[in-house]
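What follows is one structure encoded as structure tokens, with my remarks underneath.
Only heavy atoms go into these numbers, but all of them, side chains included; no hydrogens, no water, no symmetry mates. So that the names make sense, note that chain A is the first sequence line, chain B the second, and so on, each numbered from 1.
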Protein chains: 2
Amino acid sequence: MIDRRTKLREATRREILEAAWEVAREEGIGAVTLRDIAGRVGMRPPSLYTHFGSKMAIYDAMYRQGWEDYLAVVAGLEPRLPRQPRAALVVVAGSFFDFALAEPARAQLMNQRLVPGFEPTAEAYAPAVQVLDRLRGTLARLGADGDAAVDLFTAVVGGLVSQQIANDPGGRRWRRLLERAMDMYADEVGLPGPRLTPRPGGTQGA
Amino acid sequence: MIDRRTKLREATRREILEAAWEVAREEGIGAVTLRDIAGRVGMRPPSLYTHFGSKMAIYDAMYRQGWEDYLAVVAGLEPRLPRQPRAALVVVAGSFFDFALAEPARAQLMNQRLVPGFEPTAEAYAPAVQVLDRLRGTLARLGADGDAAVDLFTAVVGGLVSQQIANDPGGRRWRRLLERAMDMYADEVGLPGPRLTPRPGGTQGA
DNA sequence: GTCTATACTGTGATAGAC
DNA sequence: GTCTATCACAGTATAGAC
């Protein structure tokens with residue numbers, strides 16, 4: 001039964017989460033304090049405990065929201081992936097890269113263990129698992145089968161993203177390597193099709 | 001002039017750092033408190049300020065020590081690298097991987113921004129730069145030239161390490177992919193020599 | 001120079017009045 | 001549901017004992 005009261009509660013929760021994202025964007029995900037959040041929604045800090053059981057519960061809801069948002073991105077992407085496996089690979093990896101770089105604070109919460117002591121609950125982790133399941137299916141359809149292929153993919157894309165955030169925030173130094181990295185990966189797992197980028201030593205050398 | 005007093009000071013600093021590493025190992029790098037450290041060395045928390053200007057200064061010294069230790073590993077490794085470029089690649093990447101996995105707390109301090117607000121000073125960052133310079137030289141000697149080759153290498157190896165720490169701590173799920181990842185990388189940058197691992201689809205398929 | 005005692009500020013969290 | 005008041009604990013600063 002969803003009556004008016006629970007709807008109002010939901011609205012307040014959303015308002016609190018939106019304020020938390022604002023603080024995270026401006027101050028960094030680790031610098032979020034209950035006072036900052038409360039100030040933005042016009043509450044005293046203890047009042048937040050009416051809506052969230054703890055600060056970790058707020059992080060948990062943010063984590064879940066981040067993965068739900070990206071799950072929506074992936075779901076919208078899938079029906080219109082390019083037919084060429086390599087081009088599709090670039091679209092999939094690029095969507096993750098750009099989603100992460102659009103809000104580094106969110107990406108750090110979702111992918112790194114930037115908040116000491118924070119572990120997502122099973123419910124909050126669920127959409128992340130769905131994203132991984134979809135990825136597994138997409139890779140298999142493109143011709144990359146098996147756990148190892150998935151693990152290698154997440155390592156390569158995740159590595160590019162975290163290098164970009166850590167060492168060239170706001171730039172594109174590792175973003176520019178994404179197409180080449182996908183060619184490298186496609187060659188390794190045996191995807192068909194011509195390379196999208198020239199192999200550096202191959203074309204101009206001997 | 002290094003008299004007895006400054007030597008004692010140095011010893012105390014080392015003792016404090018060792019205690020800090022202990023806490024980091026047991027509780028996690030983000031859970032280190034001055035009270036914990038002080039307790040282990042038999043001091044009151046404010047006394048630590050005689051030896052370190054702030055908690056961040058302790059993190060800074062730890063960061064520097066971590067990279068100095070790994071620099072020593074790399075320096076000891078270099079004279080006896082295998083002649084085969086691919087085998088050498090595996091040794092270099094493996095040394096980083098194993099160094100990181102031996103103490104995840106140290107790796108998180110060194111590679112991720114796990115401590116909110118912590119930025120290494122230029123002095124502490126210096127050994128990290130030296131490691132990167134050596135890596136650049138080593139890769140070039142093996143036949144992988146240019147910034148892109150270095151950036152791709154750090155992304156791949158860093159990605160494997162962070163996936164391992166985050167998603168399979170204590171296991172070897174991504175560690176097992178290291179040789180194959182180095183073959184993949186070697187193929188991409190055009191290193192000579194036969195593959196160390198069989199290409200999955202190539203040998204048993206058509 | 002080195003450490004202690006004390007205190008100040010800010011944090012997440014709880015209890016109880018309204 | 002929100003408030004005030006309060007707590008325990010964090011990092012930090014300073015004054016003073018030795």
CG/A:L132 to CH2/A:W67 distance, rounded to the nearest 0.5 angstrom?
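It comes to 7.5 Å.
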Which value, rounded to the nearest 0.5 Å, describes the distance between B:T33 atom OG1 and B:K55 atom NZ?
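Separation between the atoms: 6.5 Å.
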[X] side chain near [N] phosphate (N/O to OP1/OP2, under 4.0 Å):
{"X": "B:S47", "N": "C:dT4", "value": "yes"}
{"X": "A:H51", "N": "D:dT2", "value": "yes"}
{"X": "B:R9", "N": "C:dG1", "value": "no"}

Can you name the side-chain contact (heavy atoms from CB on, under 4.5 Å) partners of [X], sequence neighbours left out?
{"X": "A:P120", "value": "A:D60, A:Y63, A:R113, A:F118, A:A124, A:Y125"}
{"X": "B:D133", "value": "B:V129, B:R136"}
{"X": "A:A93", "value": "A:F153, A:V157, A:L178, A:M182"}
{"X": "A:L196", "value": "A:R86, A:V90, A:E179, A:D183"}

Short of 4.0 Å, heavy atom to strand atom, which residues of residues 14-22 of chain A count as contacting DNA chain C?
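Contacting residues: none.
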Residues touching DNA chain C, which here means a heavy atom under 4.0 Å, drawn from residues 26-42 of chain B
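Output list: empty, so none.
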Please set out all donor-acceptor pairs under 3.5 angstrom arising from side-chain atoms of residues 99-110 of chain B, sequence neighbours excluded.
| residue | atom | partner | partner atom | Å |
| --- | --- | --- | --- | --- |
| B:E103 | OE1 | B:R25 | NH1 | 3.2 |
| B:E103 | OE2 | B:R25 | NH1 | 3.2 |
| B:R106 | NH2 | B:F99 | O | 2.9 |

What string of B, S and - do you get for nucleotides 13-18 of chain D, 5' to 3', when a contact is any protein heavy atom under 4.0 Å?
BB----
Within this structure, what is the [atom1]-to-[atom2] distance between [X] and [N], rounded to whole angstrom?
{"X": "A:M56", "N": "C:dA13", "atom1": "CE", "atom2": "C1'", "answer": "13 Å"}
{"X": "B:R13", "N": "C:dT2", "atom1": "CZ", "atom2": "P", "answer": "12 Å"}
{"X": "A:E10", "N": "D:dG1", "atom1": "CD", "atom2": "P", "answer": "12 Å"}
{"X": "A:F52", "N": "D:dT2", "atom1": "CZ", "atom2": "P", "answer": "12 Å"}
{"X": "A:L48", "N": "D:dG1", "atom1": "CG", "atom2": "C1'", "answer": "12 Å"}
{"X": "B:I58", "N": "D:dG11", "atom1": "CD1", "atom2": "C1'", "answer": "11 Å"}

Would you please name every residue forming a side chain to side chain donor-acceptor pair (under 3.5 Å) with [X], sequence neighbours left out?
{"X": "B:Q130", "result": "none"}
{"X": "B:E68", "result": "B:R64"}
{"X": "B:R134", "result": "B:E78"}
{"X": "B:D168", "result": "B:Q164"}

